[in-house]
Amino acid sequence: MDLNQLLHAHQLAKTGHARAPDRASRAAYADTLTILATRIRSLREDSGADVSAARFVVGEPVADYQDR
C-alpha cells in the first residue's frame, strides 16, 4: 500500500472505532489502528520524513521518554 492508501484505511478504522457498539469491536479497531499507524510511520521514515516529532496519526505506540 502507498501512503495515501494507508492513511485512507487508517481513517476508516478511526471511524469504525468511534462507531463500534461494544468494547470487543473497539478493541479490534484499536489493534488495526496500531498496525496501520506503525506502517505509516515506517513508510514515512523510509521515505526520509522527520519522524522524531510527536505522533503523526492516532494509534501510534508511544515510545518511552528514555527512548527518544
Side-chain angles (χ1 to χ4, degrees):
M1 289 183 145
D2 70 2
L3 184 58
N4 287 327
Q5 291 170 321
L6 285 172
L7 290 170
H8 180 258
H10 183 267
Q11 189 64 38
L12 291 176
K14 275 179 44 179
T15 303
H17 182 268
R19 293 182 177 186
D22 55 40
R23 186 178 299 231
S25 298
R26 282 190 298 277
Y29 279 110
D31 291 343
T32 301
L33 284 169
T34 301
I35 291 167
L36 290 169
T38 302
R39 289 180 65 191
I40 290 167
R41 177 170 284 276
S42 296
L43 187 59
R44 292 182 71 235
E45 188 174 30
D46 292 347
S47 66
D50 179 18
V51 294
S52 63
R55 297 183 306 176
F56 179 67
V57 294
V58 171
E60 281 190 75
V62 179
D64 289 338
Y65 182 76
Q66 291 81 13
D67 292 339
R68 292 182 190 172

Quiz: residues 18-29 side-chain donor-acceptor pairs under 3.5 angstrom, not counting sequence neighbours:
{"unit_1": "Asp22", "atom_1": "OD1", "unit_2": "Ala24", "atom_2": "N", "d": "3.4"}
{"unit_1": "Asp22", "atom_1": "OD1", "unit_2": "Ser25", "atom_2": "N", "d": "2.8"}
{"unit_1": "Asp22", "atom_1": "OD1", "unit_2": "Ser25", "atom_2": "OG", "d": "2.8"}
{"unit_1": "Arg26", "atom_1": "NH1", "unit_2": "Ala20", "atom_2": "O", "d": "3.3"}

| Residues which pass side chain to side chain contact (heavy atoms under 4.5 Å, CB included) with Glu45, listed by chain and number, not counting sequence neighbours | Val51
| request: List in chain and number order the residues that pass side chain to side chain contact (heavy atoms under 4.5 Å, CB included) with Leu43, two or more places apart in sequence or in another chain; answer none if no residue qualifies. | output: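 Leu43 satisfies side chain to side chain contact (heavy atoms under 4.5 Å, CB included) with Leu3, Leu6 only.
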| request: Quickly, which of Asp31, Thr32, Thr38 forms a side-chain contact (heavy atoms from CB on, under 4.5 Å) with Thr34? Name it, please. | output: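 The passing option is Thr38.
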| request: Looking only at non-hydrogen atoms, find the nearest pair between Ile40 and His10 and report the distance. | output: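 Ile40 and His10 have their closest heavy atoms at CD1-CB, 4.0 Å.
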| Any idea which heavy atoms bring Leu33 and Ala13 closest together, and the distance? | CD2-CB, 3.7 Å
| said: Any side-chain to backbone donor/acceptor pair from Gln5 onto Asp2? Under 3.5 Å, distance only. | reply: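 Yes, Gln5 side chain to Asp2 backbone: donor-acceptor pair under 3.5 Å.
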| message | Applying a strict under-4.5 Å side-chain criterion to I, L, V, M, F, W and Y, I'd like to know whether Met1 and Leu7 cluster together. | response |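 Met1 clusters together with Leu7.
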